[in-house]
Amino acid sequence: MIKAASRRTARAGLMALAVVCGTVGLGAAGCGTAAPAGTARPPVPVKPLSLATSVTTGADSWAVALLGGSAAQYNNFWQVLVRPAGSATWRLVTPPGVASNGGLLIAPESGSSLVAGFRPSQLLTFTPLASTSTAGATWSAGVMDAALADVPDALAADPATGRLLALLADGSVELSNPAGTSWTTIASKRTLTGGLAARRCGLGNLTGVAFGVSGVPLVAGNCDQRGVAGIFGYAAGHWQAAGPALPPAFAHEQISVLAIAASAGRLVTLLQAGLGAGAGLMVAGIGGSGWSVSAPAPLSGRTVLSAAIGDSGTVGVVLTGGRGLIVAGAGSSWQSLPSLPRQTQTLSLGPGAQVQALAPGRTTVLVWDYAARSASWAIVQKLRVPIEFGSSD
Amino acid sequence: MPGMSSGINVTDPQVVSAFLSALLHQGLIAVLIFATLVVAWTTVRQLGRSGTANAGQGKAASCEPEPAGRQVLRIGFGIIWLFDGILQAQPKMAVGLPSQVIAPTAASSPHWVQTVVNWAGTNWSYHPIQTGAAAVWIQVGIGIWLLAAERGWLSRAAGLVSVGWGAVVWVFGESFGGIFAPGLSWLSGAPGAVLIYMVAGGLIALPDRAWRSRTLGRLVLAGTGVFLIGMAVLQAWPGRGFWQGVSHGQPGSLAASTQSMAQMRQPAFFTTIVSAFTTFDEAHGFAVNLVAVVALGTIGLAFASLRPRLLRPALIAFSVLCLAVWVLIQDFGFLGGLGTDPNSMIPMILVAAGGYLALTRVPSPAAATAIEPVTPAEPTSDGGRLARWKNLVNPESLSRRLAATSLRTVLAVGAVWVIVLGAAPMAVAQANPNADPILAEAVGGAAAPLQTRAWSFRLTDQFGKTVSLASLRGKVILLGFFDPVCTTDCPQMGAEFREAGALLRSDASKVELVGIVLSPTYRSLPVMRAFDQEVGLSAVPNWLYLTGSVSQLRPIWRNYGMIAEDLPAGAMTLHNDYSFIIDQTGLIREEFNADPGPGTEATESSFAVLFANAAKLALK
């Protein structure tokens, strides 16, 4: 016999599931459906991506890269770069006032707006925030009294409401008010991983947060359960499975969500199926018509170092061994790039199928343009960055 | 290792001067102690000469001679402890010992050893003057005590104290003699020089009857023999790098060790000797190790055999080997400005010689019986015991016994007081969990005394209320400037403010801890509250963190000599670190350079003491 309280909980859970499916638009695919029965084995953690990344919104291209090249830990400084819409060149727009040694995370909003979060380093324990609506020309200071997780998608912004979503270093998830001035914890690591849906998939490492196309907070992570992409949506106080149903070919593969981001009205996720030499890379995206999943690209033993999200759902990744891959979207096939320029940290996928490689050195960033016709790279910009070595000692 | 270093230069003039000054003051007190005791002893002796002269002579006549083996150990280790104490007085010791001697020694040991050693090193770093001086006086005291106290319980007690202090030095100073670290070798001093001091101390502490039989000598020599055989096996063990002069283009274990010794600051002559040996070992590593293994094994077997005709040549050979190792490999052990002892070879020779003499020169039983003092019958009843106590405190009896006391005993008692003289301030200092303010002064320079009127300000506190300097009149203000998103200095100094408030105790209500935001960009109340949370100032009732617009803040920063400029490319806001004490009348009394510099645990907590002391002074 089910007690009344249990019935209420079950009903609330079903309602929440319905809300998530409805608002995220997941019903078309595998939202909440049971995963193919995989064998639960101890999970093997996939190395998180570097914080180096780039995102192209409808207006601007943003990138985060690490400069300094010094052996000293606190002489490396993360930078924010922007290439405003219509401009051919990148500008250094790192928000001032905070040492960026711990890492910089970016969350584009609408237009030329972006929020940046400084991961704490040394004795700093919280996250200073900076927001711009002028493509980095001016910044306003904010704060989040907690440390962001060390993953590139730990901070997300909802362009529609101005709310921010943050994945913290302790595994909890916080949601801000529209002004970004106060924060509410919507899940601790314990409540998140202890929820029904998360327990089913054996949710482990959390890898990012994003807002769904309808503004629903999403969190991504890695599941122990084979064949399941660990993506969960938050609605009516509950977390529900919100990931795509993957083809049966992946039923026995460990699925890692490497990246999750919203771009130009689309939700894009980068998934790795399997480990080691047999691992493959997929993009799963959701727009108006539900999830679609790209064909897998074999990694051939390489590891994904960084991911770039382009306008209209394009994705580019930098792999170990100086290799790179791009895909035009979830329904497309992967394309292998010629050997990336040395020291490439991230690709940038601009409008009009433009592909660039950002290769930072000690105090400069070399911008390489990819010419598809000749399948070659050419330097188009050398950006000098005035690093203040020793300023964080 | 955290805490092992105060981050201050070992030759910092302020600390060195304070250390030498402390030694000078305590040295004068030590001289005074000895002078007082000698004068008192002489006076009492003069007063009671007629009544005690015979008794004194009788005592002297009845005192049996000290066994030669014990005498060698007592005098030998007395001199070594004295020498070690003098080495501890080297100017670099106060700051340098934890960071440049103890920490590197422990670095290759297992984690648990490092944890133990780090605890002691941190305590030293927090109170370098008192601890450094204590090490000097304790070792000087033990040395004098051993040299002065020839016989009796006072002499044996010196042996016990030698064991006790030796254990402290062996564990914390020598990281258990490195016995848990790889590369253990007798040639480089294993199992730690001070462990040999402890063995000698233990032998000195043995009762007289132990020295009247040959058993002790046999045990010492056999033990030394077995130890040397064990060390020979260890030295011969393959795969430890001692058989190769050069391995993969790098010096072998022994050559690497002597090479680093040769690089130490020392007279060129010594460098030449050790460098020459290094070159020789690199060329003939196998032969050198073979000689060492054979010599150790042969001498060890000779000692362990206890055959009389082998012992003397073995002792001579052992002494020659030890002296060669001492000069060529251990580089005398005490050079370079931070040497704490002459390493293990001289103590080894002394122990072996002591054992040899204990075996070969035993006081004859007849002599021992003849000189056995006649002791009165023990009182058996309470009445008898009472009478004995009365006799003990009887002034006439006391005076007689004092007059009969030898000068050696007086010196030994003085030595005990010298040990107390060193240990007491160290014990008191160790009870204080905060580091000494001299570290802060060494980092930031001494506070500048001022009598300047404080520049007014009118800003908003972390709760949104307006606060002005005038509104704080009547209280002493500890004023600092903090960038709330700074990653280094400001969180450290914020914590120092919190700790200073705690140190003020009952005076805290009369002191306001005030911080003014030092960032043109991060000035909002939520950021300030996050900073308060970060450094533990949120719940401090007398803490005010003030902010305002940039146009409000800039003149205040300028007046107080503060800089705050945002830098490009992810750099922290450029700012300086000054703090001020403003008295109840609004006068700036002191200005501190509150840049924590290297920012170790030791220097950090020292600022709190500096601030609290200055605030208390301003309250007077």
Side-chain angles (χ1 to χ4, degrees), chain A residues 64-68 74-81 92-104 116 118-130 138-147 176 179-183 360 363 365 383-393, chain B residues 2 7 462 464 482-496 498 517-538 545 547 549-550 553 563-577 595-601 604:
Chain A
V64 173
L66 179 65
L67 275 84
Y74 300 115
N75 264 333
N76 287 318
F77 296 83
W78 290 89
Q79 308 295 340
V80 178
L81 309 171
L92 178 74
V93 291
T94 308
V98 188
S100 65
N101 314 104
L104 261 169
F118 291 86
R119 286 201 71 250
S121 67
Q122 300 194 77
L123 298 176
L124 188 66
T125 58
F126 56 90
T127 303
L129 299 172
T138 55
W139 292 91
S140 310
V143 68
M144 193 178 74
D145 195 3
S176 82
T181 52
S182 70
W183 293 81
T363 57
V365 179
L383 181 67
R384 294 197 182 280
V385 179
I387 299 283
E388 293 283 343
F389 289 105
S391 60
S392 289
D393 292 340
Chain B
Q462 68 268 43
F482 302 97
D483 171 3
V485 294
C486 149
T487 56
T488 52
D489 302 359
C490 300
Q492 286 179 31
M493 280 302 124
E496 292 306 280
R498 184 200 65 221
V517 159
L518 192 60
S519 166
T521 306
Y522 286 86
R523 297 173 284 104
S524 69
L525 299 187
V527 179
M528 293 159 60
R529 286 195 285 264
F531 175 82
D532 288 353
Q533 188 75 31
E534 175 181 79
V535 299
L537 279 163
S538 298
Y545 196 7
T547 189
S549 64
V550 173
L553 289 166
I563 300 165
E565 296 297 338
D566 281 340
L567 297 174
M572 188 162 59
T573 294
L574 175 70
H575 64 76
N576 48 3
D577 305 278
D595 184 339
T600 69
E601 283 178 46
E604 284 164 30

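As the structure is a computational prediction, the values presented were derived from the model and not from experiment. A note on names: the letters A, B, ... follow the listed sequences, proteins ahead of strands, and every chain is numbered from 1.
The shortest non-hydrogen separation linking A:Pro128 to B:Tyr522 is CB-CE2, 3.7 Å. Heavy atoms only, all atoms of each residue included: B:Ala569 and A:Pro386 are closest at CB-O, 3.5 Å. Shown here for A:Gln79 and B:Gly570, the closest heavy-atom pair between the two residues is OE1-N, 3.8 Å.
In this structure, CZ on B:Phe531 lies 10.0 Å from CG on A:Leu124, to the nearest 0.5 angstrom. To the nearest 0.5 Å, atoms CZ (B:Arg529) and CG (A:Asp145) are separated by 10.0 Å.
At a 4.5 Å heavy-atom cutoff, the contact between A:Thr94 and chain B is made by side-chain atoms alone. Using a 4.5 Å cut-off between heavy atoms, B:Pro520 makes no contact with chain A at all. Heavy atoms of B:Thr488 lying under 4.5 Å from chain A belong to its backbone as well as its side chain. Contacts between A:Ala146 and chain B at a heavy-atom distance below 4.5 Å are absent for every atom of the residue. For a residue to count as touching a neighbouring chain, one of its non-hydrogen atoms must lie under 4.5 Å from one of that chain's; by this rule B:Cys486 touches chain A with the backbone only. In this structure, chain B has a heavy atom under 4.5 Å from the backbone of A:Leu129, while its side chain stays farther away. For a residue to count as touching a neighbouring chain, one of its non-hydrogen atoms must lie under 4.5 Å from one of that chain's; by this rule A:Phe389 does not touch chain B.
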Please evaluate residues B:Thr521 and A:Trp139 with respect to the criterion side-chain contact (heavy atoms from CB on, under 4.5 Å), reporting the C-alpha separation (whole Å), side-chain torsions for both, the decisive distance (0.1 Å), and the verdict.
CA-CA 9 Å; B:Thr521 306; A:Trp139 292 91; over 6 Å; no
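Within the structure, side chain to side chain donor-acceptor pair (under 3.5 Å) pairs that include any residue of residues 121-130 of chain A comprise A:Thr125-B:Glu534 (at least two apart or interchain).
Of the listed residues (B:Leu574, B:Val527, B:Asp489), the one with the most heavy-atom contacts under 4.5 Å to chain A is B:Val527. In terms of heavy-atom pairs under 4.5 angstrom with chain A, the leader among B:Asp483, B:Thr573, B:Thr487, B:Leu567 is B:Thr487.
Under the ring-ring contact (aromatic ring centres under 6.0 Å, His included) criterion, A:Phe77 pairs with no residue at all, not counting sequence neighbours.
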